[in-house]
Amino acid sequence: MKAIRFAGAGRPLNLEIVPDPEPGPEWVVVDIEAAGLCHSDLHIMSGMDLGDLTVKSPVTLGHEGAGVISSVGDGVRGFEVGDRVGIALVSHPIEEALFAPGVGHDGAFAEQELAHVSTLVHIPDNVTFAEAAVATDSVATAYHAVRTAGAVRPGRTVGVIGLGGLGLNGVRIAKLLGATVYGVDVNPSTFGPATEAGATACFQDVRQLAAQQPDVIVDFAGVPSTAAAAVDCVRPGGCVVLVGLGGAVAPIPIASLVMRNVQLVGSLGASKDELREVYGLIASGALKPAVQEVPFSELPAAMDRLARGEVRGRLYTRPRADLRVPVKIA
């Protein structure tokens with residue numbers, strides 16, 4: 001089958017031919033109909049230290065996958081050939097992250113993917129493969145950060161930093177939970193989509209949030225300046241949720257954190273139950289991820305666009321679409 005492989009930090013992605021996967025006990029093979037592109041893939045490609053989740057190469061990247069089960073191994077219960085499934089990027093409990101696609105094993109940038117039965121979630125009939133794929137991370141991660149880590153509920157005021165793929169979903173989810181939402185991004189072209197998602201107003205500087213006295217600030221950028229400013233700008237007793245990995249170290253103002261009784265919380269991924277809830281929101285029409293298709297053969301170039309900050313919403317590709325390009329034999 002065709003797969004786009006990562007050979008190591010600083011090396012280009014390559015389109016290759018690799019052996020077709022065979023499912024062992026409690027594993028299935030999923031024919032990948034959509035695979036999302038994510039900034040986390042860029043972190044992996046840069047060689048960033050992700051602790052226990054640091055990826056060993058060579059590997060097929062792609063941790064946002066959805067498709068149709070084409071074969072099952074022994075001991076698989078609740079799923080069968082022909083089922084439409086999303087492959088959850090399970091981060092809660094964290095122990096199950098070992099089964100994370102594109103992290104713990106080969107992922108969705110291929111025509112087929114092995115998936116452990118513990119990661120599978122049925123896709124509702126009226127949710128597309130593209131929506132189902134990007135929801136496994138960009139929507140579910142935002143959902144967990146806002147609803148679970150930030151404990152957002154009706155009447156809360158929420159600031160969302162970074163209005164890219166995750167941030168726009170964060171804005172919409174906070175609005176659906178009954179919050180008043182303000183967005184922050186250095187690029188004002190993001191303000192229109194954020195307003196459409198439910199933001200009351202948007203700013204270019206995090207410190208402009210201070211006047212709104214937000215109960216919760218969710219930082220999807222995660223650069224040193226935004227993390228530090230968020231601690232200063234959240235209301236006393238409020239909560240700052242860090243999601244983005246835009247920097248390695250942030251100069252957190254300790255006095256502000258302690259004397260103002262601010263909670264600083266890290267948020268990674270989501271649980272399988274949260275992905276099911278996200279699929280329900282998409283199926284109901286309450287949540288509509290913004291997706292854009294790129295040809296599978298152009299995936300490496302699309303990753304470059306993502307790195308340059310030229311992407312709004314979420315890119316996805318269809319590995320099983322017709323490829324009229326030469327491939328290297330692995």
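We number each residue from 1, following the sequence as shown.
- Among all heavy-atom pairs drawn from Ser70 and Asp31, the shortest one is OG-OD1, 3.0 Å.
- Take Asp273 and apply the salt bridge (Lys or Arg N to Asp or Glu O under 4.0 Å) test, not counting sequence neighbours, and it matches Arg276.
- Under the 4.5 angstrom side-chain criterion for Ile, Leu, Val, Met, Phe, Trp and Tyr, the cluster partners of Met259 are Ile254, Val258.
- Counting heavy atoms from C-beta outward, Thr200 and Val181 have side chains that stay 4.5 Å or more apart.
- The hydrophobic cluster containing Tyr316 also includes Val134, Val291, under a criterion of side-chain heavy atoms closer than 4.5 Å among ILVMFWY residues, counted directly or through chains of members.
- Evaluation of the ring pair (Phe, Tyr, Trp, His ring centres under 6.0 Å) test over residues 155-174, restricted to residues two or more places apart or in two chains, returns none.
- Shown here is Glu22, whose CD atom has no more than 12 heavy atoms of other residues, nucleotides or ligands within 6.0 Å.
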Intermediate values then yes/no, side-chain contact (heavy atoms from CB on, under 4.5 Å), Ile87 and Ile32: CA-CA 10 Å; Ile87 305 168; Ile32 297 298; 4.1 Å; yes
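- When atom types are taken as modelled, the side chain of Ser284 and the backbone of Leu281 share a donor-acceptor pair closer than 3.5 angstrom.
- The list of ring pair (Phe, Tyr, Trp, His ring centres under 6.0 Å) pairs with a residue in residues 117-150, not counting sequence neighbours, reads Phe79-His122, His92-His144.
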I would like to know whether Glu33 and Arg320 meet side-chain contact (heavy atoms from CB on, under 4.5 Å); could you show each step before the answer? CA-CA 6 Å; Glu33 298 295 340; Arg320 298 179 65 79; 3.7 Å; yes
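- For Asp185 (side chain) and Asn187 (main-chain N/O), a donor-acceptor pair under 3.5 Å exists by modelled atom type.
- Side chain of Glu274 to backbone of Ser271: a donor-acceptor contact under 3.5 angstrom is found.
- Heavy-atom contacts from other residues, nucleotides or ligands closer than 6.0 Å to CG of Asn126 number more than 12.
- There is no path of hydrophobic side-chain contacts, each under 4.5 Å, that joins Val265 to Val158.
- No single ILVMFWY cluster, assembled from side-chain heavy atoms under 4.5 Å apart, contains both Phe109 and Leu89.
- A salt bridge is defined here as a Lys NZ or Arg NE, NH1 or NH2 lying under 4.0 Å from an Asp or Glu carboxylate O, and Glu196 with Arg172 fails to meet this definition.
- Under the 4.5 Å side-chain criterion, counting only non-hydrogen atoms from C-beta, Leu42 is in contact with Met303.
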Dump the intermediate steps for side-chain contact (heavy atoms from CB on, under 4.5 Å) on Val85 and Val121, then the final yes or no. CA-CA 5 Å; Val85 293; Val121 177; over 6 Å; no
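- The backbone N or O of Ala108 sits less than 3.5 Å from a side-chain atom of Glu113, completing a donor-acceptor pair.
- Between Val241 and Asp219 the shortest side-chain heavy-atom distance does not fall below 4.5 Å.
- At distances below 3.5 Å, at least one donor-acceptor pair connects side-chain atoms of Arg84 with backbone N or O atoms of Val127.
- Residues His63 and Asp137 have side chains in contact (heavy-atom distance under 4.5 Å, counting atoms from C-beta outward).
- For Asp106 (side chain) and Thr60 (main-chain N/O), a donor-acceptor pair under 3.5 Å exists by modelled atom type.
- Using a 4.5 Å heavy-atom cutoff, the side chains of Pro300 and Ile4 are in contact.
- Atom CZ of Arg305 is surrounded by more than 12 heavy atoms from other residues, nucleotides or ligands within 6.0 Å.
- Side-chain heavy-atom separations under 4.5 angstrom define the hydrophobic clusters, and the remaining members of the one that includes Leu242 are Ile161, Tyr182, Val184, Phe203, Val206, Leu209, Ile217, Val231, Val234, Val240, Ile252, Leu257, Val262, Leu264.
- Nearest heavy-atom pair, Ala194 versus Cys202, reported as atom, atom and distance to 0.1 Å: CB-SG, 3.7 Å.
- At least one donor-acceptor pair closer than 3.5 Å links the side chain of Lys272 to the backbone N or O of Ser118.
- For the atom pair Asp83 CG and Ile69 CD1, the distance stands at 5.0 Å (nearest 0.5 Å).
- By the 4.0 Å N-to-carboxylate-O rule, Arg77 lies too far from Glu26 to be salt-bridged with it.
- Looking at Met1 and Val18, their side chains come closer than 4.5 Å, going by heavy atoms from C-beta outward.
- From Leu306, atom CG reaches atom NE2 of His39 across 4.0 Å, with rounding to the nearest 0.5 Å.
- Summarising the local packing, CZ of Arg308 is surrounded by more than 12 heavy atoms from other residues, nucleotides or ligands at distances under 6.0 Å.
- Tracing side-chain contacts under 4.5 Å through hydrophobic residues (I, L, V, M, F, W, Y), one reaches Val59 starting from Leu15; they form part of the same cluster.
- Panel note: side chain Ser256, backbone Pro253; no donor-acceptor pair is recorded below 3.5 Å.
- Gly155 and Asp215 get closest at one heavy-atom pair: O-OD2, 4.5 Å.
- In this structure, the side chains of Arg153 and Arg147 stay at 4.5 Å or more apart for every pair of heavy atoms.
- If you run side-chain contact (heavy atoms from CB on, under 4.5 Å) between Val171 and each of Thr195, Leu163, Thr190, only Leu163 comes through.
- Thr157 and Gln213 share no side-chain donor-acceptor pair at under 3.5 Å.
- The shortest non-hydrogen separation linking Val29 to Pro21 is CG2-O, 3.7 Å.
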Residues Glu293, Arg318; criterion side-chain contact (heavy atoms from CB on, under 4.5 Å); working and verdict: CA-CA 8 Å; Glu293 182 181 347; Arg318 293 189 296 135; 2.8 Å; yes
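- Each of Val81, Leu114, Val76 was compared with Val28 under the side-chain contact (heavy atoms from CB on, under 4.5 Å) criterion, and only Val76 meets it.
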Salt bridge (Lys or Arg N to Asp or Glu O under 4.0 Å) assessment of Arg314 paired with Glu64: CA-CA 11 Å; Arg314 205 68 167 182; Glu64 295 184 346; 2.7 Å; yes
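- Put simply, Val243 and Leu37 are part of two different groups of oily side chains (I, L, V, M, F, W, Y) that touch within less than 4.5 Å, one to the next.
- The shortest distance between side-chain heavy atoms of Leu13 and Leu299 falls below 4.5 Å.
- Nearest approach of Pro224 to Ala250, heavy atoms of both residues: CA-CB, 3.9 Å.
- Side chain of Asp232 to backbone of Ala229: no donor-acceptor contact under 3.5 angstrom is found.
- For the residue pair Ala149 and Cys239, the shortest heavy atom distance occurs at O-SG, 4.1 Å.
- Hydrophobic clustering, with ILVMFWY side chains joined whenever heavy atoms are under 4.5 angstrom apart, keeps Val278 apart from Leu120.
- A donor-acceptor contact shorter than 3.5 Å links the side chain of Thr317 to the backbone of Val294.
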